[in-house]
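Following: one structure in structure tokens, then a few remarks.
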Amino acid sequence: MPELPEVEAVCGAAHRALQGRRIVSAHVLRRRICAPQSPAQLNRAVAGRRFQAVERRGKNILVHLEGVTVWIHLRMTGTLYAVASPPLCPPSASAYFVLDDGRALVFDDSRGLGVLRAATREGVAGLLGPIGLDALSPDFTSERFIALAGSTRAAMKNFLMDQRRVAGLGNIYAAEALHRAGIDPRRPALQVSRMRLVRLHAAIVRLLEEATDSARRAYRRPGGFSEGEWFRAAVYGREGLPCPRCRRPIRRTLQGGRSTYFCPGCQH
DNA sequence: CTGCCCCTGTAA
DNA sequence: TTACAGGGGCAG
């Protein structure tokens, strides 16, 4: 589920739940999600610590406590929400943190692919690895975007999804942004003109801002994102349906083993 | 670069 | 029963 907008909404929820709180204990229900750390190690690292701030970098969530940071990546199906404590966790819960106000923050993840780890502030960089510019940060300018594209031989969509270059775009928004900008996802980044990259950069920022806005609203409804449609895709998941701009049927193809949706009529 | 893996759920 | 799913790491 989560790309940048959803992660941003989840961060907001985590912030609201943790504001002014102390972590009483951490409970990892699937030990592989924190490996090579053990659940006991993780609990020892965070128990008793006061919450400071939540930070998002691309799709990574950093929960800063006094002296320790918890790194969370939701991967495909993860989410965070607060519940009453002792927590009534669904079977799909990967972990939960008991808070000092009688509530708990649950890391729910039906596929269990999400990860969780504790680190010192200095250790965080090592966990995240090489990560590019966050797509919603002020540093993500069209100039820097053009420079990044200019040094990439890969196809545009793969370039957009490469978190080492631009952090935050996933399969849906990469496809949607390229459609808005009228660029063929298969075209090598290297050969897209400056003008079109400027247009794409603007499309990315606007798209993510819009989506973040509605993700925040959708998340506050009971049931969260899953409850009905909150984002209207123009191409993603719409193979065979008419393009909203030119009415040609949307096509689906594979790039890097993942589905790409685009309109052959208005993306070149 | 491709293909496979992690895992569970859902739909064709 | 198979294919596919919004992510990412790894081996070849």
Side-chain angles (χ1 to χ4, degrees), chain A residues 1-11 28-36 56-61 71-80 89-95 107-117 126-132 134-135 151-179 185-190 204 207-208 210-212 214-215 218-219 223-241 250-262:
Chain A
M1 181 169 57
E3 289 194 24
L4 184 152
E6 296 91 329
V7 175
E8 182 66 23
V10 164
C11 282
V28 174
L29 308 172
R30 292 179 166 118
R31 59 182 10 255
R32 52 174 306 279
I33 73 166
C34 62
R56 182 190 55 73
R57 282 199 226 161
K59 302 171 204 167
N60 298 276
I61 300 171
W71 168 58
I72 299 173
H73 198 299
L74 304 172
R75 292 283 169 88
M76 300 282 273
T77 50
T79 186
L80 302 174
C89 286
S92 50
S94 273
F107 180 7
D108 196 349
D109 185 4
S110 64
R111 285 175 74 176
L113 299 174
V115 295
L116 170 64
R117 227 141 295 170
L127 290 179
L128 295 188
I131 185 166
D134 186 279
S151 60
T152 309
R153 268 170 296 282
M156 274 309 289
K157 184 182 167 246
N158 298 314
F159 160 64
L160 291 184
M161 288 182 62
D162 185 345
Q163 307 295 302
R164 295 167 306 186
R165 299 203 161 76
V166 179
L169 286 163
N171 210 21
I172 296 182
Y173 299 112
E176 294 297 313
L178 286 165
H179 178 258
R186 301 164 299 181
R187 179 176 291 277
L190 208 50
I204 289 169
L207 176 65
L208 291 179
E210 289 169 20
T212 300
S214 49
Y219 187 85
F225 310 119
S226 48
E227 215 56 33
E229 292 268 312
W230 63 273
F231 175 76
R232 190 155 314 210
V235 291
Y236 184 83
R238 299 178 51 81
E239 182 182 19
L241 297 171
I250 305 296
R251 273 188 52 195
R252 171 179 175 268
T253 182
L254 284 182
Q255 287 184 285
R258 316 195 51 189
S259 291
T260 292
Y261 298 88
F262 69 102

Ring centres under 6.0 Å, that's the criterion: do F262(A) and Y236(A) meet it? no
Is Q163(A) side chain donor-acceptor paired with the dG7(C) base, going by distance under 3.5 Å alone? no
In whole Å, I'd like the distance from the OH atom of Y173(A) to the C1' atom of dG6(C). 8 Å
Within the structure, does a side-chain N or O atom of H73(A) lie under 4.0 Å from either OP1 or OP2 of dG7(C)? no
T77(A) side chain N/O closer than 4.0 Å to the phosphate oxygens (OP1, OP2) of dG9(B)? no
Span that lies between the P atom of dA12(B) and that of dG6(C), in whole angstrom: 16 Å
Name the stems that DNA chain B belongs to, where each is three or more consecutive Watson-Crick or G-U pairs with both distances under 3.5 Å? B:1-6 with C:7-12, B:8-12 with C:1-5
Please give, in whole Å, the distance from dA5(C) C1' to E3(A) CD? 12 Å
Select one nucleotide: of dG9(B), dG7(C), dA5(C), the one nearest the side-chain heavy atoms of S110(A). dG9(B)
Heavy atoms only, 4.0 Å cut-off, all strands: where does G112(A) land among base, sugar-phosphate and nothing? nothing
Is there a donor-acceptor contact under 3.5 Å linking the side chains of T79(A) and D108(A)? no
Can you tell me, in whole Å, how much space there is between the C1' of dT1(C) and that of dC6(B)? 22 Å
What I want to check is whether the side chains of R186(A) and T253(A) have a donor and an acceptor closer together than 3.5 Å. no
Quick test of your reading: applying salt bridge (charged side-chain N to carboxylate O under 4.0 Å, His left out), list the pairs with at least one residue in residues 169-178 of chain A, sequence neighbours left out, ordered by first then second residue. none
Looking across every strand, which nucleic acid part, if any, lies under 4.0 Å from S92(A) by heavy atom: base, sugar-phosphate, or nothing? nothing
Go through it in stages, so that I can follow the logic: the residues are R30(A) and D109(A), the test is salt bridge (charged side-chain N to carboxylate O under 4.0 Å, His left out), and I'd like the CA-CA distance, side-chain angles, deciding distance and then a yes or no. CA-CA 10 Å; R30(A) 292 179 166 118; D109(A) 185 4; 5.2 Å; no
Name the pairs: protein N/O against N/O of nucleotides 10-12 of chain C, kept only if under 3.5 Å.
none

Can you tell me the distance, in whole Å, between the CD atom of Q255(A) and the C1' atom of dC1(B)? 13 Å
Rounded off to whole Å, could you give me the CZ-to-P distance for the R111(A) and dG8(C) pair? 13 Å
Looking only at N and O atoms, is any donor in the side chain of R258(A) or the base of dA5(C) less than 3.5 Å from an acceptor on the other one? no
Separation of the C1' atoms in dC1(B) and dA5(C), to the nearest angstrom: 23 Å
